[in-house]
A.B. asks: 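Quick one: structure below, then a few questions.
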Amino acid sequence: MNVLNFAVTTAFALSATAAVAQDMPATVADIVMASEDHTTLEQAVVAAEMGEALMGEGPFTVFAPTDAAFAALPEGALEEALMPENKDKLVQILGCHVVEAKALAADVAQMIADDGGTHPVTTMGNCSLNLTLDGNMVKINDSVTVTAADLQAGNGVVHVIDGVLLPAM
């Protein structure tokens, strides 16, 4: 699969033209809530009270870990993060997955190429991510892969990832 031609066979993979804007999900939060593969992410967004922010004007790029990605965390880590007394930590973790700009797959590939193979990104949660290409797949911090890209909403875009991005501790 060529990064510049990521195709996602889902109703959410729509063109960003004004003509179809009314057919797009309203927000990146709507994409997450409608996905059967992101119930854990939805639960975390609700627990962190970040839903309203992700329904905001944006633009946002959300790197959305699947339920399988959360399940791969060390035993008890997710349950601990979801505890009400750990809300600040959960907000920071989720903030590592949101960039306050809209970057489609083609944009990301171009930024990586323009920067000589690695493009640094700072997230809403002040996490530093390094985006690279592994063959024709986008990698984040050399360990997480974008598995589906360009799920567009009115306020941004969602890219599905196979790992959870954690802040440096």
Side-chain angles (χ1 to χ4, degrees), residues 6 12 25-35 37-105 107-112 114-115 118-134 137-169:
F6 267 123
F12 297 119
T27 68
V28 293
D30 292 332
I31 290 174
V32 170
M33 290 185 293
S35 171
D37 293 327
H38 292 95
T39 58
T40 307
L41 179 58
E42 179 182 359
Q43 178 185 7
V45 167
V46 169
E49 298 178 356
M50 290 181 65
E52 189 172 319
L54 295 176
M55 291 180 186
E57 186 175 320
F60 303 110
T61 296
V62 175
F63 294 106
T66 61
D67 292 339
F70 280 105
L73 289 172
E75 188 174 331
L78 177 61
E79 294 77 14
E80 182 180 330
L82 290 172
M83 292 176 159
E85 61 268 24
N86 294 329
K87 180 181 168 190
D88 290 343
K89 182 178 179 180
L90 182 60
V91 167
Q92 186 179 17
I93 292 169
L94 293 176
C96 288
H97 295 83
V98 181
V99 178
E100 294 179 278
K102 182 178 180 180
L104 298 174
D107 302 324
V108 171
Q110 188 62 56
M111 289 183 274
I112 293 168
D114 290 348
D115 287 346
T118 300
H119 181 71
V121 174
T122 300
T123 67
M124 190 167 90
N126 204 29
C127 294
S128 296
L129 307 179
N130 287 307
L131 307 179
T132 58
L133 290 177
D134 182 9
M137 300 297 289
V138 173
K139 297 286 273 190
I140 304 169
N141 295 343
D142 294 325
S143 61
V144 174
T145 303
V146 175
T147 59
D150 293 349
L151 306 177
Q152 294 190 55
N155 70 343
V157 62
V158 174
H159 301 300
V160 177
I161 59 176
D162 66 358
V164 177
L165 305 168
L166 299 172
M169 296 291 176

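A quick note: this is a predicted structure, and the numbers were derived from the prediction, not measured. These values consider heavy atoms only, across backbone and side chains, with no hydrogens, waters or symmetry-generated copies.
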A.B. asks: Do the side chain of Asn130 and the main chain of Thr118 share a donor and acceptor less than 3.5 angstrom apart?
C.D. replies: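 No, the answer is negative, given that no donor and acceptor are paired below the 3.5 Å cut-off.
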
A.B. asks: Going through the distances and angles, do Lys139 and Thr145 end up as a side-chain hydrogen bond (donor to acceptor under 3.5 Å, both in side chains)?
C.D. replies: CA-CA 5 Å; Lys139 297 286 273 190; Thr145 303; 3.0 Å; yes

A.B. asks: For the atom pair CE (Met124) and CE (Met50), what is the distance rounded to the nearest 0.5 Å?
C.D. replies: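 Met124 CE to Met50 CE: 3.5 Å, rounded to 0.5 Å.
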
A.B. asks: Indicate the atoms forming the closest heavy-atom contact of Ala81 with Leu90, along with that distance.
C.D. replies: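 Smallest heavy-atom distance, with atoms named: O-CB, 3.5 Å.
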
A.B. asks: Do Phe63 and His159 have their ring centres less than 6.0 Å from each other?
C.D. replies: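 Under 6.0 Å, so yes.
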
A.B. asks: Is it true that atom CD of Glu52 has more than 12 heavy atoms of other residues, nucleotides or ligands lying nearer than 6.0 Å?
C.D. replies: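 No - once you tally the heavy atoms of other residues, nucleotides and ligands closer than 6.0 Å, there are 12 at most.
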
A.B. asks: Run the numbers on His119 and Val108 for side-chain contact (heavy atoms from CB on, under 4.5 Å), then give the verdict.
C.D. replies: CA-CA 8 Å; His119 181 71; Val108 171; over 6 Å; no

A.B. asks: Please report the closest heavy-atom contact between Cys96 and Leu166, naming both atoms and the distance.
C.D. replies: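 Answer, listing the atom of Cys96 first, then Leu166: SG-C, 4.1 Å.
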
A.B. asks: Checking side-chain contact (heavy atoms from CB on, under 4.5 Å) for the pair Ile140/Leu131: CA distance, chi angles, key distance, verdict?
C.D. replies: CA-CA 5 Å; Ile140 304 169; Leu131 307 179; 3.6 Å; yes

A.B. asks: Do the side chain of Asp37 and the main chain of Thr66 share a donor and acceptor less than 3.5 angstrom apart?
C.D. replies: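 Here the side-chain-to-backbone pair does not exist.
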
A.B. asks: How long is the gap from CG on Leu151 to CG on Asp30, to the nearest 0.5 Å?
C.D. replies: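 Here the interatomic distance stands at 12.5 Å.
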
A.B. asks: Using only atom types and a distance under 3.5 Å, with no angle test, would you say the side chain of Asp114 pairs donor to acceptor with the backbone of Met111?
C.D. replies: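 Not at all, since once roles are kept as given, no pair shorter than 3.5 Å links the two residues.
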
A.B. asks: Taking side chain as C-beta onward, heavy atoms only, is Leu129 less than 4.5 Å from Asn141?
C.D. replies: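 Yes, at least one pair of side-chain atoms sits under 4.5 Å.
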
A.B. asks: Check for a donor-acceptor pair, side chain of Asn155 on one end and backbone N or O of Phe60 on the other, with a separation under 3.5 Å.
C.D. replies: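 Answer holds: no.
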
A.B. asks: Is there a donor-acceptor contact under 3.5 Å from the side chain of Asp150 to the main chain of Leu104?
C.D. replies: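 Not confirmed, Asp150 side chain does not pair with Leu104 backbone.
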
A.B. asks: Which value, rounded to the nearest 0.5 Å, describes the distance between Met33 atom CE and Met55 atom CE?
C.D. replies: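 The CE atom of Met55 is 3.5 Å from CE of Met33, to the nearest 0.5 Å.
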
A.B. asks: Roughly how far apart are His38 NE2 and Asp67 CG, rounded to 0.5 Å?
C.D. replies: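 These two atoms lie 7.5 Å from each other.
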
A.B. asks: Can you confirm whether Thr61 sits close enough to Val157 that some side-chain heavy atom of one is under 4.5 Å from a side-chain heavy atom of the other?
C.D. replies: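 The answer is yes; the side chains approach within 4.5 Å.
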
A.B. asks: Would you say Pro120 and Asp115 make side-chain contact, with heavy atoms under 4.5 Å?
C.D. replies: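 Counting from C-beta outward, Pro120 and Asp115 do come under 4.5 Å.
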
A.B. asks: Working to the nearest 0.5 Å, report the span between CG of Leu78 and CD of Gln43.
C.D. replies: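 Leu78 atom CG to Gln43 atom CD measures 6.5 Å (nearest 0.5 Å).
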
A.B. asks: More than 12 heavy atoms of other residues, nucleotides or ligands under 6.0 Å from CG of Asn126: yes or no?
C.D. replies: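 Atom CG in Asn126 is not crowded, with 12 or fewer foreign heavy atoms closer than 6.0 Å.
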
A.B. asks: Taking the side chain from His97 and the backbone from Leu165, do they hold a donor-acceptor pair closer than 3.5 Å?
C.D. replies: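 Yes; at least one donor-acceptor contact below 3.5 Å.
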
A.B. asks: Quick one, Leu41 with Leu94, criterion side-chain contact (heavy atoms from CB on, under 4.5 Å). Give me CA distance, side-chain angles, the key distance, then yes/no.
C.D. replies: CA-CA 9 Å; Leu41 179 58; Leu94 293 176; 3.7 Å; yes

A.B. asks: Between Val28 and Leu54, what is the shortest heavy-atom contact and its length?
C.D. replies: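 Looking at all heavy atoms of both residues, the shortest contact is CG2-O, 3.4 Å.
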
A.B. asks: Quick check for you: to the nearest 0.5 Å, what is the distance between Glu79 atom CD and Leu73 atom CG?
C.D. replies: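 Reported to 0.5 Å precision, the distance equals 9.0 Å.
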
A.B. asks: Show the nearest heavy-atom pair for residues Gly51 and Ala29, with the distance to one decimal.
C.D. replies: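 Reported closest heavy-atom pair: O-CB, 4.3 Å.
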
A.B. asks: Any idea which heavy atoms bring Gly163 and Val144 closest together, and the distance?
C.D. replies: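 Gly163 and Val144 have their closest heavy atoms at N-CG1, 3.7 Å.
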
A.B. asks: Would Val138 and Leu133 count as a side-chain contact (heavy atoms from CB on, under 4.5 Å) if you check the C-alpha gap in whole Å, the side-chain angles of each, and the deciding distance to 0.1 Å?
C.D. replies: CA-CA 5 Å; Val138 173; Leu133 290 177; 3.8 Å; yes

